[in-house]
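Accompanying notes for the structure given below.
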Amino acid sequence: MSIDDVDMGEVHTDDVDMEGATAPTVAARSGPGALFRRRRGASARKTVTFGDASEVSGSPPWSVTSLVTLMAVWYLIKMGEEPIVNDRTFPSQRQTLDAFIEFWSDGYRRVSLWDHTYASLNRVLKGLIYGVIVGVPVGFAMGLSNRLRGFFDPIVELLRPVPPLALLPLFIVWFGIGESAKVNLLFFAAVWIMVIAARAGVLGVKGSKVHAAYSLGANKWQILRYVILPNALPDIFTGIRVALGVCWGTLVAAELTGTTTGLGATIFAASKFFRMDIVVVAIIIIGVIGVTMDLIMRLLEARLIPWRGKG
Amino acid sequence: MKDLSVDKVGMIYELPKGGSVHALHDVSFDLEAGRLLTLLGPSGCGKTTLLNILAGFLAPTSGSVSLGGDPIDGPGQERGMVFQQGALFEWQSVAQNVAFGPRMNRRKKSETKVLVEELLGTVGLQGFGDKAIYELSGGMQQRVALARCLANDPEVMLMDEPLGALDALTREKMQGLVLKLWQETGKSIVLVTHSVEEALYLGDKLFVMAPRPGRIERVYELPFAEVGLHVDPRELKASPEFIEKREELLSLIWEMEEQIMGHEGAVL
Ligand SMILES: Nc1ncnc2c1ncn2[C@@H]1O[C@H](COP(=O)(O)OP(=O)(O)O)[C@@H](O)[C@H]1O
Ligand SMILES: [Mg+2]
């Protein structure tokens, strides 16, 4: 085989040029004064943008505005001698800050802030990881085999809508009031999400990709490993992100009994003593950890599956 | 080099809600090794079905197919596939895509590397090995698909509208590449298209297929592919011989389309 001829050389240079033509639009962004100007670069020339998904990517200035508004409303409802909302209902910003400092330096109920956070993080991550370990293979099985699909379908569909809190009494009887009941509850919250995400990932594979792989000499195992698994990764990743959120949402239920450590347990205990300031601090910590973890997941996603949405 | 043999192949799809579609009826032909066969016909005449049977993804309801005397009863790497688009593995680089076949066969990595470089050169993509699939234009992606198919050194290359999603200009250039690969490698190619011009230009043998039931309506032996690389393609496509054939085929296909419309009109 001879290596290329002039004609072919020309062809791909053309192709490259066409690709390159889209690049400059990205560069013409922001700059001072552009803070509140949403339409920029090439999109500024579009005459209609409503309903154009490529035009909606969020707006940092408005996100800042939203946070500022939230803080302002919080400030306003706690303003003056007789605030609109009393201290038993919701703490002021000052009280919350004080509670945070107290929590930070002395801990709550003789457990430090770090130990509370660590205990919760540990449970959430364990529940999530077990959920992934069990959910992904089950989801794959359901996407690959009629029999296994038939077998798992009723189990998944029946148990998926059950709120984890409803299972707490059973889990306590089965697993005691120790760590395992809590982790299992979080596992329960995560596993169905992972099953469905993995199943969607498998079912989303294009027939032509699988066929191409067979024609290239791949066996079933290789199809699974080199085609179906990578093809399902974006869906699995989305599943993990959703499951992570749901696990944090289930945390208070999981830590309802049998422990004095954990942010969920803290919220529950503090609310019994009307320590709304502590409750709010714990809520904010959970929120911040949740956002941070989602950010980490998004960074991981950009690194691990850069092809997402580009098939 | 192996001949492809198709013997009285019929294909009836049973529909899940009852009824059936007669996709192929009594299709028979022999394709000597090294020929470039183009399949032309209106949509729904069974081109993809026939190609899938040759690839081994579908078993015909009657008749048989064989390559070099060996019956085809499943996919195999002596029959490579090139799809329209979206069949590349976007999680792999260009070079990894091309190396997929050898890798599945556990060929030596060093040998594969050399082979991939050579093939990327052949399809005009030297230096693009580390690029991601989604960084390439549609035409370049099809070049990768051709190289990936060639990497396993198949006897036959089966292509289902490989250039169908490309713009007209890129498509012309890619037709040149298909001809070049065909002449350099001497492989058999079966190429499905619904472009009359493409079928004429690329095919050194051409079947016009007709629907309801899908069948081979007419067979042409054509001179254009043989000379296609040595003359200006635009000149060739503007030559009286080419135009005559093109008009003949166009009116044939028009007639079929009319019949389909009439048929559907009657149903409605
Ligand atoms: N999996 C299938 N199930 C039922 N009918 C099918 C299936 N695949 C194709 N057909 C029908 O068979 C006929 C031929 O289809 P196809 O081979 O895709 O034609 P072409 O590729 O020429 O457009 C069409 O009428 C199509 O609707
Ligand atoms: Mg088709």
Side-chain angles (χ1 to χ4, degrees), chain A residues 1-23 146 201 204-237 301-311, chain B residues 52 55-57 74-77 79-92 100-105 117-128 132-140 143 145 148-152 154 158 160 167 169-170 173-174 176-177 180-181 184-185:
Chain A
M1 284 179 202
S2 81
I3 302 293
D4 208 46
D5 49 81
V6 183
D7 206 351
M8 292 307 148
E10 276 173 12
V11 174
H12 69 68
T13 340
D14 281 2
D15 286 348
V16 176
D17 282 347
M18 283 181 198
E19 291 290 307
T22 56
N146 274 325
V205 68
K206 262 189 147 177
S208 60
K209 283 192 173 69
V210 175
H211 278 172
Y214 272 120
S215 287
L216 289 165
N219 57 34
K220 279 186 187 171
W221 165 248
Q222 288 171 321
I223 298 269
L224 184 64
R225 167 69 186 80
Y226 296 110
V227 182
I228 299 197
L229 177 65
N231 192 79
L233 275 184
D235 285 306
I236 292 174
F237 238 83
E301 197 177 278
R303 274 199 71 88
L304 296 177
I305 38 176
W307 68 87
R308 154 163 237 143
K310 291 167 181 161
Chain B
N52 279 332
F57 301 135
Q77 41 189 323
R79 287 159 285 125
M81 287 293 290
V82 178
F83 295 91
Q84 188 176 76
Q85 60 176 174
L88 293 174
F89 307 130
E90 63 266 18
W91 47 88
Q92 297 182 330
F100 189 86
R103 187 170 167 216
M104 293 304 103
N105 290 306
E117 277 309 308
E118 184 189 320
L119 286 172
L120 286 179
T122 308
V123 298
L125 284 179
Q126 57 277 74
F128 282 81
I133 295 301
Y134 50 84
E135 291 176 292
L136 305 185
S137 65
M140 292 164 94
R143 289 167 190 270
R148 183 176 73 172
C149 180
L150 282 169
N152 267 2
L158 305 169
D160 196 353
D167 65 89
L169 219 67
T170 310
K173 290 176 178 172
M174 291 295 289
L177 178 61
K180 181 185 116 149
L181 294 180
E184 281 181 1
T185 63

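The structure displayed is predicted, hence computed values, not measured ones. Residue numbering restarts at 1 for every chain, and letters A, B, ... go by the order of the sequence lines.
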Counting only heavy atoms closer than 4.5 Å, note whether L158(B) contacts chain A via side chain, backbone, both or neither. neither
Counting N and O atoms only, with roles assigned by atom type, does the side chain of W91(B) sit under 3.5 Å from a partner on the main chain of Y226(A), one being a donor and the other an acceptor? yes
Close contacts, residues 216-223 of chain A versus chain B, judged by heavy atoms under 4.5 Å: L216(A), G217(A), A218(A), Q222(A)
R143(B) to F128(B), cation-pi by 6.0 Å centre distance and 45° axis angle: no
If one checks every heavy atom of V227(A) against chain B at 4.5 Å, the contacting part turns out to be both
Using the ring pair (Phe, Tyr, Trp, His ring centres under 6.0 Å) criterion, which residues pair with Y214(A)? Sequence neighbours excluded. none
Would you say F83(B) and K206(A) make side-chain contact, with heavy atoms under 4.5 Å? no
Just so I know, are the side chains of M104(B) and N152(B) near enough to count as touching, which here means a heavy-atom distance under 4.5 Å? no
For the residue pair F57(B) and H211(A), does the interplanar ring angle fall in the parallel (under 30°), tilted (30 to 60°) or perpendicular (over 60°) class? parallel
Pick one of side chain, backbone, both or neither for Q84(B), based on which atoms fall under 4.5 Å of a heavy atom in chain A. neither
Between K209(A) and E90(B), does any side-chain N to carboxylate O distance fall below 4.0 Å? yes
